[in-house]
Protein chains: 2
Amino acid sequence: MNEKEFLAGYNKNEYLSPLLTVDAVLFTYHENTLKVLLVERANFPEKGKWGLPGGFVDEQNDKTIEETILRKLKEKTGVIPPYVEQLCTVGNKQRDPRGWSVTVCYTALIAYQDCEAHIETVESVKWVSIDDIATLPLAFDHLQLYQQARERLQQKSLYSIVPGFALPDVFTLSELQHVHEVLIGKTLQNKSFRRRLEQADLLIDTGEKRHERGRPANLYRLKPQSAEYRFIRNLEF
Amino acid sequence: MNEKEFLAGYNKNEYLSPLLTVDAVLFTYHENTLKVLLVERANFPEKGKWGLPGGFVDEQNDKTIEETILRKLKEKTGVIPPYVEQLCTVGNKQRDPRGWSVTVCYTALIAYQDCEAHIETVESVKWVSIDDIATLPLAFDHLQLYQQARERLQQKSLYSIVPGFALPDVFTLSELQHVHEVLIGKTLQNKSFRRRLEQADLLIDTGEKRHERGRPANLYRLKPQSAEYRFIRNLEF
DNA sequence: AAAATAGTGTCTCTGAGACATTATGAT
DNA sequence: ATCATAATGTCTCAGAGACACTATTTT
């Protein structure tokens, strides 16, 4: 038998495989706090509980698992978030009462304003402040997935400006710094934060200013490559 | 209908799911070079080609996907590697001719000596120097998985001593430094390397010395927590 | 003594932390 | 003028890079 003959006689659906889902922890920054998008489960199991946006791969229409999660996020928010990164994959016997199941979990970031309108139209989708998440009874192991995402994003805030993708297109340095401060859980040295940004040349100065109590703040935009940039020296934790 | 009733009538194997496999890029350090473990495929598809060790989840006996990969690595090497970390999950339509498939890929490290005897007994398993891997026709997308693992391990060598898990239990500082040098692709400042190790207090001085051409070298052991430690300042790339 | 490898001393320089100071607007 | 917030000046200090130097073994 050669490979062609083997494949002709092979039907993968005759073999049993764990359940496979794709989920995302989508963060945004709004009202001086970080928030995570939760979705009310419409079906069993865990019907009625809140959980992370996600779902099953559509073998017909999704070419990759990345496409699956982008599709799911677009269903819930109306747009595709500007930052999406694989977090981890959890697979075990007990996480889903239906049986052996695996989820590929992503971390994503989006500006609140970019999906505000769409989310207001939907009953079963809401932003929850990270201070309140642990108090909700989340479906499956979604609380643990959130915690992992949070930890990873916290780490990233020490050596990158990835958290900036939770802000709108145009933002002030104080806003960016505050996102980092919320993640790290302590105030940062203003000067240090600005110095490293300046030196790394990651921002575009729009030339515009935002007037709003006190000295007007310069408005910046992220350069495209800023998602990949890593500072050689971390901020203190 | 309540959740109990739903579950009673639910059989997950009635739903089709992508093929799910678990693979690992297992590195070791031997003969002054890093090597990766490859396995000759005994079955279709890609029969006869070399690929990463891995396989399917055993829903009866594996409680987690981590257990799956540990089981597979033990089958091939005779032991469970001291360092195993999830790398990424790749899932798409075309990577496997059998259809939509997903692999959860791990990076692992082991001492050459710890599995030398076992590997010599097996025909279809071999270590391949990272300098030669690209010249072999690897199965599926395993070359890309290797490359991702390599890049991640290179990054880690800049801010951790994780690469040390590719060495035997007891090793010299020069050996540890050389593993890092191979990964980073340039020689490191002896002094810098030792200074940061000393300061981080990650090693146990065994008190023993290895005699072998020139001044005898002190022998060290990794402290258990050294896998998690991150230097606040990276080495230059 | 020479070769080989292990390990140290010490200088420079970058950049984070600390914190005081100045700048620019609204009221 | 005062308040609020944005932005800068400047000192200290840790630690990486560079590289010369010393130490301990074998041949």
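Chain letters run A, B, ... following the sequence lines, proteins first and then strands; every chain starts at 1.
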(message) Please list, in numerical order, the residues of residues 193-209 of chain B that have a heavy atom closer than 4.0 Å to any atom of DNA chain C.
(response) Arg194(B), Arg195(B)
(request) Report the residues that fulfil salt bridge (Lys or Arg N to Asp or Glu O under 4.0 Å) with Lys223(A), sequence neighbours left out, ordered by chain and then residue number. (result) Asp201(A)
(message) Just to verify, what does Lys49(A) make a side-chain hydrogen bond (donor to acceptor under 3.5 Å, both in side chains) with, not counting sequence neighbours?
(response) Glu46(A)
(message) How long is the straight-line distance from OG1 of Thr172(B) back to CG of Leu167(B), given to the nearest 0.5 Å?
(response) 8.0 Å
(message) If you apply the rule salt bridge (Lys or Arg N to Asp or Glu O under 4.0 Å), what do you find for Lys126(A) with Glu40(A), and how did you get there?
(response) CA-CA 8 Å; Lys126(A) 67 173 177 184; Glu40(A) 191 174 11; over 6 Å; no
(message) Which residues pass the ring-ring contact (aromatic ring centres under 6.0 Å, His included) test with Tyr106(B), not counting sequence neighbours?
(response) none
(message) Just to be sure I understand the geometry, which residues of residues 150-173 of chain B put a non-hydrogen atom under 4.0 Å away from DNA chain C?
(response) none
(message) With heavy atoms of chain A within less than 4.0 Å as the criterion, where does contact along DNA chain C begin and end?
(response) dT14(C) to dG25(C)
(message) What is the distance, to the nearest angstrom, from the CG atom on Leu176(A) to the C1' atom on dA7(D)?
(response) 15 Å
Side chains of residues 193-200 of chain A: which donor-acceptor pairs under 3.5 Å do they make with residues two or more places apart or in other chains?
unit_1, atom_1, unit_2, atom_2, d
Arg194(A), NE, Asn190(A), OD1, 2.9
Arg195(A), NH2, Ser192(A), OG, 3.2
Arg196(A), NH2, Arg233(A), O, 2.4

(request) With sequence neighbours excluded, tell me which residues meet salt bridge (Lys or Arg N to Asp or Glu O under 4.0 Å) with Glu31(A). (result) Lys35(A)
(message) Applying salt bridge (Lys or Arg N to Asp or Glu O under 4.0 Å), can you list everything that pairs with Asp62(B), at least two apart in sequence or on another chain?
(response) Arg71(B)
(request) Starting from the 5' end of DNA chain C, give me the residue, His211(A) or Lys186(A), whose nearest nucleotide shows up first. (result) Lys186(A)
(message) Looking only at the side chains, is there a donor atom on one of Glu181(B) and Gln177(B) sitting less than 3.5 Å from an acceptor on the other?
(response) yes
(request) Examine the side chains of Gln144(B) and Tyr146(B) and answer whether a donor and an acceptor come within less than 3.5 Å of each other. (result) no
(message) Looking only at the side chains, is there a donor atom on one of Arg95(B) and Ser101(B) sitting less than 3.5 Å from an acceptor on the other?
(response) yes
Could you list all N or O pairs between the protein and nucleotides 1-5 of chain D that sit under 3.5 Å apart?
unit_1, atom_1, unit_2, atom_2, d
dT5(D), OP1, Arg213(A), NE, 3.1
dT5(D), O2, Arg215(A), N, 3.2

(message) Mind checking if Asn190(A) touches a base, just sugar-phosphate, or nothing, with heavy atoms under 4.0 Å?
(response) base
(request) Take the protein atom CG of Asn234(A) and the nucleotide atom P of dG15(D), then report the distance between them rounded to whole Å. (result) 13 Å
(message) Show every ring pair (Phe, Tyr, Trp, His ring centres under 6.0 Å) that has at least one partner inside residues 200-222 of chain A, sequence neighbours left out.
(response) none
(request) Check every strand shown and say whether Leu235(A) touches a base, only sugar-phosphate, or nothing at a heavy-atom separation below 4.0 Å. (result) sugar-phosphate
(message) Applying salt bridge (Lys or Arg N to Asp or Glu O under 4.0 Å), can you list everything that pairs with Lys63(A), at least two apart in sequence or on another chain?
(response) Glu67(A)
(request) Provide, to the nearest angstrom, the distance between the CZ atom belonging to Arg233(B) and the P atom belonging to dC13(D). (result) 16 Å
